[in-house]
Amino acid sequence: MKVAVVNYTGTVGKTTVATHLLAPRMGNAPIIAVESINETAAGLGATVEQIKGERFKELLGKLLVADDLIVDVGASNIEDFMGGMNKFDASHAEFDYFVVPVTSGTKEQRETVMLIQALAGQGVPAEKIRLLFNRVESSVEESFGIVLKHIQKTLTATANPEAAIHENELFDVLAAKKISIVKLLEDPKDYKALLRDNKDANEKQRAYWADMFGLKALAKGVNRNLDNAYAALFA
């Protein structure tokens, strides 16, 4: 499966989606970051190849030979990426899906509507444009009315309210630590046992063990949310 993660705005979590949601559930598919100035998935501990949007021909060549690929298009390069797709006739057909993360802010929703219109204008069918609701704090229907009304009216994208990632502080912590959820959950250390069996360890060490125990517990719930969101996204 070949997926582009796209939006005009740079604050909706595209790189988080590519790293934590898509890659682990696509057989650790490689990530190409179409980016020049912003953080890529490499900053979250993933292996990433970086290409500027102006080099669309090179990106197209990689799409043609790949079985699975995630293309994380940064806001700084989205215009060049869209322009490249328009220049190379029907090149959008090389993507199986365009995943469009969106958060609940008015600006973010309006720019998402613009992106959906632009993709539809290039001939991308609605079933290939998949909305992913990110940083959700209440119901999707209540918080994302602008983009949902547009889709209901125009039928230019696919929006499943169950394709939602709930707001959680874990993602910011993992970004600071530069690790993925997968690497955190694969950590074999039993931090609870370390705390129990090493009561004489220094305070800093015990605080670290306690922090890691809490993060792993938090990550299990977040990972279940990501499993459900992924299933709903491609249902």
Fill in: Within-4.5 Å side-chain heavy-atom neighbours: Gln117 and His150
yes
Worksheet item: Roughly how far apart are Lys216 NZ and Asn223 CG, rounded to 0.5 Å?
Response: 12.5 Å
Worksheet item: Do Val12 and Ile165 share a hydrophobic cluster, counting only Ile, Leu, Val, Met, Phe, Trp and Tyr and linking them when any side-chain heavy atoms are less than 4.5 Å apart?
Response: no
Practice prompt. With the side chain counted from C-beta on, respond yes when Tyr97 and Lys2 share a heavy-atom pair under 4.5 Å apart, and no when they do not.
Written response: no
Practice prompt. Evaluate the criterion side-chain contact (heavy atoms from CB on, under 4.5 Å) for residue pair Lys128 and Asp96; output intermediate values, then yes/no.
Written response: CA-CA 6 Å; Lys128 291 179 69 170; Asp96 296 298; 5.5 Å; no
Solution key, residues 57-70 side-chain donor-acceptor pairs under 3.5 Å, sequence neighbours excluded:
from: Glu58; atom 1: OE1; to: Arg55; atom 2: NE; distance (Å): 2.8
from: Glu58; atom 1: OE1; to: Arg55; atom 2: NH2; distance (Å): 2.6
from: Glu58; atom 1: OE2; to: Arg55; atom 2: NH2; distance (Å): 3.0
from: Lys62; atom 1: NZ; to: Glu49; atom 2: OE2; distance (Å): 3.0
from: Asp68; atom 1: OD1; to: Met1; atom 2: N; distance (Å): 2.4

Listed pairs under 3.5 Å, donor-acceptor, residues 204-214 side chains, sequence neighbours left out:
from: Arg206; atom 1: NH1; to: Leu195; atom 2: O; distance (Å): 2.8
from: Arg206; atom 1: NH1; to: Asn198; atom 2: O; distance (Å): 3.0

Discussion item. For Val71 and Phe95: C-alpha separation, side-chain torsions, deciding distance, then whether side-chain contact (heavy atoms from CB on, under 4.5 Å) applies.
Written reply: CA-CA 9 Å; Val71 179; Phe95 289 99; 3.7 Å; yes
Practice prompt. Any side-chain hydrogen bond (donor to acceptor under 3.5 Å, both in side chains) involving residues 129-145? Give me the pairs, sequence neighbours left out, ordered by first then second residue.
Written response: Ser138-Ser143
Discussion item. Once rounded to the nearest 0.5 Å, what's the spacing between atom CE of Met85 and atom CD of Glu94?
Written reply: 11.5 Å
Item to complete: Using a 4.5 Å cut-off on heavy atoms from C-beta on, say whether the side chain of Phe56 contacts that of Lys87.
Response: no
Item to complete: Check the pair Val147 / Leu131 against side-chain contact (heavy atoms from CB on, under 4.5 Å), numbers first and verdict last.
Response: CA-CA 9 Å; Val147 69; Leu131 268 286; 4.1 Å; yes
Worksheet item: Do any N or O atoms from the side chain of Gln122 and from the backbone of Met82 form a donor-acceptor pair under 3.5 angstrom?
Response: yes
Worksheet item: Is a side-chain N or O of Asn225 found less than 3.5 angstrom from the main chain of His166, in a donor-acceptor match?
Response: yes
Practice prompt. For Lys107, look at atom NZ and say whether over 12 heavy atoms of other residues, nucleotides or ligands are found less than 6.0 Å away.
Written response: yes
Item to complete: Evaluate the side-chain contact (heavy atoms from CB on, under 4.5 Å) criterion for residues Val17 and Leu132: first the C-alpha distance (whole Å), next the side-chain angles of each, then the deciding distance (0.1 Å), finally the verdict.
Response: CA-CA 9 Å; Val17 166; Leu132 177 67; 3.5 Å; yes
Discussion item. Once rounded to the nearest 0.5 Å, what's the spacing between atom OG1 of Thr112 and atom CZ of Arg110?
Written reply: 12.0 Å
Fill in: Smallest separation among heavy atoms of Asn7 and Ile78, with atom names
O-CG1, 4.0 Å
Worksheet item: For residues 226-235, which residue pairs qualify under side-chain hydrogen bond (donor to acceptor under 3.5 Å, both in side chains), counting only residues two or more places apart or in two chains?
Response: Arg25-Asp227
Worksheet item: Is there a side-chain contact between Leu226 and Ile181, using heavy atoms and a 4.5 Å cut-off?
Response: yes
Practice prompt. Would you indicate whether the side-chain heavy atoms of Glu108 and Thr11 approach each other to under 4.5 Å?
Written response: yes
Worksheet item: Hey, is CG on Asp197 packed in by over 12 heavy atoms from elsewhere, all under 6.0 Å?
Response: yes
Discussion item. So Asn160 and Leu233, do their side chains get closer than 4.5 Å, heavy atoms only?
Written reply: no
Worksheet entry | Set of salt bridge (charged side-chain N to carboxylate O under 4.0 Å, His left out) partners for Asp187, sequence neighbours left out | none
Worksheet item: Is the side chain of Glu162 donor-acceptor paired with the backbone N or O of Ala232 at a distance under 3.5 Å, no angle test?
Response: no
Worksheet entry | Contact check, side chains of Leu115 and Val100, non-hydrogen atoms, under 4.5 Å | yes
Worksheet entry | Ile179 side, atom CD1; Leu174 side, atom CG - distance, nearest 0.5 Å | 5.5 Å
Worksheet item: Judged by atom type as modelled, is there a donor-acceptor pair below 3.5 Å linking the side chain of Asn77 to the main-chain atoms of Asp80?
Response: no
Worksheet item: If every non-hydrogen atom of Ile129 is compared with every non-hydrogen atom of Ala120, which pair is closest and at what distance?
Response: CD1-N, 4.3 Å
Worksheet, complete the sentence: Shortest non-hydrogen pair, Ile151 vs Ala159, comes out as CD1-CB, 3.8 Å
Worksheet, complete the sentence: When every non-hydrogen atom of Gly74 is compared with those of Lys14, the smallest separation belongs to CA-CE, 4.3 Å
Fill in: Rounded distance [0.5 Å steps], CD in Glu54 versus CZ in Phe81
14.5 Å
Worksheet, complete the sentence: When rounded to the nearest 0.5 Å, the distance separating CG of Asp72 from CD of Gln50 is 9.5 Å
Practice prompt. Using the six-membered ring wherever Trp is involved, compare the ring planes of His20 and Phe171 and label them parallel, tilted or perpendicular (cut-offs 30° and 60°).
Written response: tilted
Worksheet item: Minimum heavy-atom separation for Ala18 to Val5, with atom names?
Response: CB-CG2, 4.5 Å
Response to the item:
For Gly84 and Ser91 the tightest heavy-atom approach is O-OG, 4.2 Å
Worksheet item: Is there a donor-acceptor pair under 3.5 Å between the side chain of Thr9 and the backbone N or O of Glu111?
Response: no
Discussion item. Any heavy-atom pair between the side chains of Lys52 and Val34 that's under 4.5 Å?
Written reply: no
Discussion item. Just to verify, what does Val182 make a side chain to side chain contact (heavy atoms under 4.5 Å, CB included) with, not counting sequence neighbours?
Written reply: Pro24, Ser180, Glu186
